[in-house]
2 protein chains.
Amino acid sequence: MHSVAITPETLFQALSDSTRLRIIRLLVMTDEEICLCELVDALLEPQYNLSRHLKVLRQAGLLTSWKEGRWVYHRLTKHPDYLQQLYTLVRSLPDTDNVYRTDLRNFSHRMALRENGRCRVGILSNDLKTGSE
Amino acid sequence: MHSVAITPETLFQALSDSTRLRIIRLLVMTDEEICLCELVDALLEPQYNLSRHLKVLRQAGLLTSWKEGRWVYHRLTKHPDYLQQLYTLVRSLPDTDNVYRTDLRNFSHRMALRENGRCRVGILSNDLKTGSE
DNA sequence: TGCATAGTTGCATTATAGCGCAACTATGCA
DNA sequence: TGCATAGTTGCGCTATAATGCAACTATGCA
């Protein structure tokens, strides 16, 4: 009962993109499960773009995802064990231009809209929805 | 007195290649300073290829390099501090198909040829030297 | 002083990655 | 039952990265 072996290169590859690193950083700092629409309002990146980045992270073994009604939640995986050391590293990365801090603030505002700890509203940033051009 | 800021993405990008990860793993495990010709005999990869990978790692801030006569030595940088956590992570990565173990064994044999702790012989694997085709 | 060798790098080729667009699926609610 | 919306994905374009080849520099030694 274990997933397919993922090479360490794939792991680092997944983190070599700034958007994906922002996602992981947010998840590490909050220790939350987050759905896509909340992520859109936190990072202010297009929905389809984040959707694809989430897929890359999932395939690298960093994320677990599951569907609840219309919403798909994502959280960090806990195994294998060395991932804990990765998360420790991500946590201690510098936030030179305050991007991570801004993401976290936006996310906090979004989280305030949850009901009983669950997402109940869609994407607030209209211009970042998939069909918006 | 600090180097130019290197983004975390660049760091992970540097580790997203299997050959470069083998280099870093070897340096982490041995805590040694290694010159290119020794690395060629350890990883059994072409000299020009490793030379370029070393450059990528250097530009990502992971390596310090210096010249001694004909030889150029490389070792891991110690700062910024979060690099220590990165090295801890690299150390705990699994060695699924024993590639790292083989590299380490080959390197041990090469190290036995040093005199007074310094490299004195060139590349032993003739077919991996730059002009060998 | 010339040669062997440790190391670097430009060039061309190929493979891969990111992204915008738009079409698609799926789910809840009026 | 139909519509709005959360989310996914194929297509095409562009940018970047890995690599082999070969020419190049630099250093020590006969």
Side-chain angles (χ1 to χ4, degrees), chain A residues 9-10 12-23 34-41 43-60 63 65-74 110 113-115 118-133, chain B residues 9-10 12-23 34-41 43 45-60 63 65-74 110 113 115 118-133:
Chain A
E9 303 87 272
T10 306
F12 289 118
Q13 159 72 17
L15 295 167
S16 69
D17 176 273
S18 64
T19 304
R20 289 196 293 266
L21 200 48
R22 287 166 69 195
I23 295 173
I34 303 181
C35 69
L36 177 54
C37 62
E38 292 172 326
L39 205 57
V40 169
D41 287 325
L43 308 199
L44 301 176
E45 292 287 331
Q47 181 184 20
Y48 60 79
N49 204 347
L50 292 180
S51 175
R52 264 193 283 236
H53 282 309
L54 287 169
K55 185 178 183 181
V56 173
L57 292 170
R58 207 179 317 124
Q59 290 176 337
L63 293 188
S65 306
W66 68 95
K67 194 163 187 174
E68 289 186 17
R70 271 183 288 191
W71 291 276
V72 177
Y73 286 87
H74 309 268
R110 252 316 293 246
L113 302 180
R114 283 200 184 181
E115 296 174 21
R118 297 287 90 182
C119 178
R120 285 289 169 265
V121 300
I123 300 170
L124 300 180
S125 317
N126 279 307
D127 55 328
L128 300 174
K129 296 177 183 173
T130 288
S132 66
E133 209 65 21
Chain B
E9 303 88 271
T10 306
F12 290 118
Q13 159 72 19
L15 295 168
S16 68
D17 177 273
S18 63
T19 304
R20 290 196 292 267
L21 199 48
R22 287 166 68 196
I23 295 172
I34 303 182
C35 69
L36 176 55
C37 62
E38 292 172 326
L39 205 56
V40 169
D41 286 326
L43 307 199
E45 292 288 331
Q47 180 183 23
Y48 60 80
N49 203 349
L50 291 179
S51 175
R52 264 192 282 234
H53 282 308
L54 287 169
K55 186 179 182 179
V56 173
L57 291 169
R58 207 180 316 123
Q59 290 176 336
L63 294 187
S65 307
W66 67 97
K67 195 164 189 174
E68 289 186 17
R70 271 184 287 191
W71 291 276
V72 176
Y73 287 86
H74 309 268
R110 251 317 295 247
L113 303 180
E115 296 172 21
R118 297 286 92 182
C119 177
R120 283 292 169 264
V121 302
I123 300 171
L124 299 182
S125 317
N126 278 308
D127 54 328
L128 299 175
K129 295 177 183 172
T130 288
S132 66
E133 211 62 19

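Each chain gets a letter, A, B and so on, in the order its sequence line appears, and its residues count up from 1. Side-chain atoms are counted along with the backbone in the values below, which use heavy atoms only and exclude waters and symmetry mates.
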Testing B:Gln47, B:His53, B:Arg52 one by one against B:Asn49 for a side-chain hydrogen bond (donor to acceptor under 3.5 Å, both in side chains), which residue passes?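 The option that passes is B:His53.
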
Measure from the side-chain N and O atoms of [X] to the backbone N and O of [Y], and report whether any donor-acceptor pair falls under 3.5 Å.
X: A:Glu45; Y: A:Leu50; result: no
X: B:Gln59; Y: B:Val56; result: no
X: A:Arg22; Y: A:Leu43; result: yes
X: B:Ser132; Y: B:Asp127; result: yes

So what does B:Arg120 hit on the nucleic acid, given a heavy-atom distance under 4.0 Å: a base, only sugar-phosphate, or nothing?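 Nothing, no nucleic acid heavy atom in range.
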
Tell me every residue that passes salt bridge (charged side-chain N to carboxylate O under 4.0 Å, His left out) with A:Arg20, counting only those two or more places apart in sequence or in another chain. none

Could you pull out all residues at least two apart from B:Asp17 that satisfy salt bridge (charged side-chain N to carboxylate O under 4.0 Å, His left out)?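 Result, salt bridge (charged side-chain N to carboxylate O under 4.0 Å, His left out) vs B:Asp17: none returned.
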
Taking [atom1] from [X] and [atom2] from [N], how many angstroms apart are they, rounded to a whole number?
X: B:Leu128; N: C:dT5; atom1: CG; atom2: C1'; result: 15 Å
X: A:Asp127; N: C:dC21; atom1: CG; atom2: C1'; result: 15 Å
X: A:Lys129; N: C:dC21; atom1: NZ; atom2: P; result: 17 Å
X: A:Leu36; N: D:dT9; atom1: CG; atom2: C1'; result: 13 Å
X: A:Ile34; N: D:dA6; atom1: CD1; atom2: P; result: 17 Å
X: A:Glu9; N: C:dT16; atom1: CD; atom2: P; result: 14 Å
X: A:Phe12; N: C:dT16; atom1: CZ; atom2: P; result: 21 Å
X: A:Leu39; N: D:dA6; atom1: CG; atom2: C1'; result: 13 Å

Which letters describe nucleotides 23-30 of chain C, given B = protein heavy atom under 4.0 Å from base, S = only from sugar-phosphate, - = neither? B--SBS--

So what is the 5' to 3' dot-bracket string for DNA chain D, if pairs are Watson-Crick or G-U wobble with both distances under 3.5 Å, crossing pairs use [ ] and | means the partner sits on another strand? ||||||||||||||||||||||||||||||

Looking at A:Asp41 and A:Leu124, what are the two nearest heavy atoms and their distance?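 Reported closest heavy-atom pair: OD2-N, 2.9 Å.
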
Closest approach of A:Leu21 to B:Phe12 (non-hydrogen atoms, all atoms of both residues):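 Smallest heavy-atom distance, with atoms named: CD1-CE1, 3.7 Å.
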
Side chain proximity check, A:Arg114 to A:Arg118, heavy atoms < 4.5 angstrom: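 Result yes, sub-4.5 Å side-chain heavy-atom pair found.
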
Check DNA chain C against residues 45-54 of chain A and give the residues with a non-hydrogen atom under 4.0 Å, in numerical order. A:Pro46, A:Tyr48, A:Asn49, A:Arg52, A:His53

Checking A:Ser51 now: which residues fulfil side-chain hydrogen bond (donor to acceptor under 3.5 Å, both in side chains) with it, not counting sequence neighbours? none

Is the distance from OP1 or OP2 of D:dT9 to the nearest side-chain N or O of A:Lys55 less than 4.0 Å?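 Affirmative; the distance criterion is met.
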
